[in-house]
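What follows is a set of notes on a single structure, which appears directly below.
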Amino acid sequence: MDTENKYGEPMTVLQQVQQRGGHLLPQWQAEHIDGYTLFPQSEPDVAGQMLQGLEYLASADYLDKLFFDRLSVCPSCGSHHVNVREACSSCKSSHISPVSLLHHFRCGYVAPAETFVHNGKGRICPKCHGHLTDLGTDHDIPGENFTCHSCHASFQVPEVEGLCMNCQTRTPGDQLLHKDIHSFRLNSLGMAALSNGRLYDQEEELLLEGDGHPIYRKHVFMFLLEDEMRRAKRYGTAFSLIMIKLATADDTETERLVFHMAENLRNSDKIGRYTEDRLLLLLPATDKAGADIWLRRFIAGAGAALQAHVIDLNQEGDVASQLAEQSWNT
Amino acid sequence: MEHLNGFLNYFLSPLSLVSMGGMSHMLGELLTSANLFFWFLVLILMRFVLPDILLWLVSLFYPRALFPSSGSGLPVNPLVSVIIAGRNAGDSIEKMILSTLQCGYHKLEIIFVDDHSSDDSVARARKWEKTGRVRVFEAKNHNGKPGSLNIGLVMARGEFIFVPDADCEMQPGIIQHLLAPFSDAKVGAVTANLRVRNAPRNWVTRFQECEYAMNVSISRMWRAPLNLLSILPGAGSMFRAAAMRQLGGYDSGLGDDTDLTLRLRKQGWKLRFALDAIVWTDVPDRYGWLLRQRSRWTRNMVKIRLHKQGDLYHFWRFGIVNAFVFADILLFRVIIPFLALWSVLYFIVTDPFSTPALLTVVYWLTTFFIFVKLLIAHDIAATPRLRMLWLAPLYPFYRLPIHMVELLSMLREFLRIRLWHPYVPKRIWARTPHW
């Protein structure tokens, strides 16, 4: 194996991931400022460098960056040691408790449930001394309420605030920062890089060869897509984007499909890898009607169980999020 | 055209000098006679005009009696809870909350109880919770106004409770003016001065501006010092919280404001009126809606004042003043209107040729006294505007259909026909006594 590569540290990180079973999961560590750490045995600065390496590898599509958890953090010091609690809307005290109200229909009296004394057969109304026996018929619960034991205010919706146990800063709940924690999983490109002993450099953008139609890596394909969108917006030209979901993530099957695709593509059309089981096909100078026709012919001739549809892209919106939304349709 | 001229001559004839001379001669004869109908008319006119004239004279020669200075019995800046109950009040609630926050009294809390609205009332009101002075309760079911106000009463911390409608606006300084009479520890409630916000809209609202000036502003001004107030409107009244809680808040059903007023009277609380505590409210701008409103008010009057609180006349239990209040209601709101109708029918049947002349004289007398009342109202309470005085000759025609509707509504209540009203949720109506 050629251990030399211009990224150095990333290959080490990649090997670390492989050694940890191919999926690096965060581990809970309360004293850590983030609450989680990916490298519990490492020094903080070393862990920080390795995390940088992981981020780079994920951006370069060698690793899949997966959502693991979300933390609320203090906007003042960044600590995750935030005590999120309900507080009085009037005096901000946390000394509050819920109170259930009862409304007696006959006399209109409303009061906390405990004031309607139970005598075994039902509750007694302190106002008219009538009996409350059937909820919904002679009385009901108008709603939950809270009462503050500090200022005696009554309110229905308590305020949510975070008290940082690290720096004692109080922050309204809607102003707390949120930090996402991710896990990192080795994907096929990462495996291929480990097998080759090196990362693929900038010039090698290809995943695999397919009879003149390469499959571009995701971040390269996204770049090509955004470039096409800019061109379409400037010159008013049409383009289409098709998402194809593979029945299996098997490379052999993918290769067969790409060969079949190549028979129906022009040399300006581009194929990209979106996820392990999804491909994207960019058709410049093709409107939606033309894309639909192409897709029907391709599916009819594919001879494989696959799903595909034309992506409806808004040129003004964020491409990545639009793709993420519409990928579930397939 | 000849017929029109003839009618106009006939109609205006009572105003001619000859007629006036004849009338003064007739008046002299009647004053020395035992003509019951004449004395009946005198009683009515005295009841409806004389108090206003006396009030004006007092304001002229002894104004301090009408505007007493506040005593020392009131704590400085007590907490006031403003309870607003509303349903589908999305269009008006923000304006109401804002006017309350800007009324110039800072030690208050606003509690908006939403009665299961289908619009965005709750969302609009909750925006104001960030001020720290507004709290919103969203009821899970439709409870009606009394139930909603009682929910607000549970949540209120104030020593005094102010209850306006969700579609009103408050004049700056209102809270201070309402608090002043509470320096007397025996005062249990104070009513604000309701003014018509949409008066310029059309002739229906202009008439109501005149009506409110006479029957709200001036009428309550002389009733309050004599402890004769029989209603504290739900659109703007302040209560001593202890007094309200002692009574268990509002009762279910219609006429909740009238009912609470009479229950306060029975407990011996004094009721006062604050002329300078102004609440602006919209009135019906279509005559049909106005008639429906007056029908509902009349039905409430019978249900509450005559049926539910009909024992108010028990002077041995509730005092002579309360008995007088009951007698006043019975006589001038029930007996006299029916007698008046009966009289007109009687004269039409027995003396059809004199009846038009009699009615014409009554019309002109009524118009004259309306004119006097409006002038008095303008002088003391600065309402209505002087340009509204031209409505005085038309006022009897405005009131006539309302009187008819009120009589029919009373009959309906006495005969107990269709007692339920949509204001009361059916599940609650099924469990309340049907007055």
Side-chain angles (χ1 to χ4, degrees), chain A residues 87-93 96 98-116 122 124-161 172-175, chain B residues 79 81 83 85 109 111-116 122 125-126 128-158 245-254 256 259-260 263 424-434:
Chain A
C88 172
S89 59
S90 190
C91 69
K92 312 300 177 209
S93 166
I96 66 175
V99 174
S100 192
L101 298 177
L102 290 185
H103 171 211
H104 186 207
F105 294 167
R106 191 178 192 281
C107 64
Y109 190 61
V110 178
E114 57 263 21
T115 60
F116 293 80
I124 306 289
C125 175
K127 179 178 174 181
C128 68
H129 307 292
H131 278 81
L132 284 67
T133 51
D134 296 312
L135 183 66
T137 305
D138 52 32
H139 70 286
D140 78 347
I141 300 171
E144 284 288 324
N145 221 20
F146 286 85
T147 190
C148 174
H149 299 288
S150 295
C151 68
H152 307 291
S154 286
F155 46 91
Q156 195 174 35
V157 179
E159 285 200 2
V160 174
E161 69 166 16
D174 56 352
Q175 293 175 26
Chain B
L79 178 64
S81 299
I83 301 176
E109 58 177 12
I111 300 164
F112 171 58
V113 182
D114 179 78
D115 194 13
H116 199 59
V122 172
R126 282 212 194 276
W128 296 90
E129 283 185 318
K130 289 188 179 120
T131 62
R133 298 163 74 193
V134 179
R135 282 173 276 136
V136 178
F137 186 94
E138 184 182 6
K140 292 193 292 191
N141 295 300
H142 177 33
N143 296 308
K145 191 172 179 187
S148 301
L149 288 172
N150 286 340
I151 291 170
L153 189 58
V154 172
M155 296 173 68
R157 294 176 295 169
R245 291 200 169 99
Q246 184 187 24
L247 295 172
Y250 292 88
D251 280 358
S252 297
L254 289 168
D256 44 275
D259 179 60
L260 184 66
R263 286 194 289 138
V424 183
K426 283 234 163 125
R427 66 198 182 107
I428 291 177
W429 176 256
R431 289 286 164 171
T432 55
H434 298 161

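On a predicted model such as this, the values are computed, not experimentally measured, just so you know. A, B, ... follow the sequence lines: proteins, then strands. Residue 1 opens every chain.
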| task | Please flag which part of B/Glu109 lies under 4.5 Å from any non-hydrogen atom of chain A: side chain, backbone, both or neither. | result | neither
| Just wondering, do B/Ile428 and A/His103 contact through their side chains at under 4.5 Å, heavy atoms? | yes
| Sole candidate of B/Glu129, B/Arg126, B/Met155 that passes side chain to side chain contact (heavy atoms under 4.5 Å, CB included) when paired with A/Gln156 | B/Arg126
| For the residue pair B/Tyr250 and A/Lys127, what are the closest heavy atoms and their distance? | O-NZ, 3.2 Å
| note | In short, B/Val154 meets A/Ser154 closest at the heavy-atom pair O-OG, 4.2 Å
| query | If you look at every heavy atom in B/Gly248 and A/Tyr109, which pair is closest and at what distance? | reply | O-CD1, 3.5 Å
| request: May I ask you to name which of A/Leu101, A/Asn145, A/Thr147 has the most heavy-atom pairs under 4.5 Å with chain B? | output: A/Asn145
| task | Considering non-hydrogen atoms only, spot the tightest contact between A/Arg106 and B/Thr432 and give its length. | result | O-CG2, 3.6 Å
| What's the shortest heavy-atom distance between A/Ser90 and B/Gly132, and which atoms? | OG-O, 4.3 Å
| Heavy-atom distance under 4.5 Å to chain A: side chain of B/Pro433, backbone, both or neither? | side chain
| Contact origin within A/Thr137 toward chain B - heavy atom pairs under 4.5 Å | both
| request: Let me know if A/Cys88 has heavy atoms under 4.5 Å from chain B in its side chain, its backbone, both or neither. | output: neither
| query | Hey, is the main chain of A/Cys151 close enough, under 3.5 Å, to the side chain of B/Arg157 for a donor-acceptor pair? | reply | yes
| If you count heavy-atom pairs under 4.5 Å between each of B/Thr131, B/Asn141, B/Ile151 and chain A, which one has the most? | B/Ile151
| task | Return yes if some donor-acceptor pair links the side-chain N/O of B/Asn150 with the main-chain N/O of A/Val110 below 3.5 Å, else return no. | result | no
| Side chain, backbone, both or neither: which part of B/Ile111 has a non-hydrogen atom closer than 4.5 Å to chain A? | neither
| query | Does any heavy atom of chain A fall under 4.5 Å from the side chain of B/Arg431, the backbone, both, or neither of them? | reply | both
| Engaged part of B/Val113 at the chain A interface, taking heavy atoms whose separation is under 4.5 Å | neither
| said: Less than 4.0 angstrom from a charged side-chain N to a carboxylate O is my criterion; do B/Lys140 and A/Asp140 meet it? | reply: no
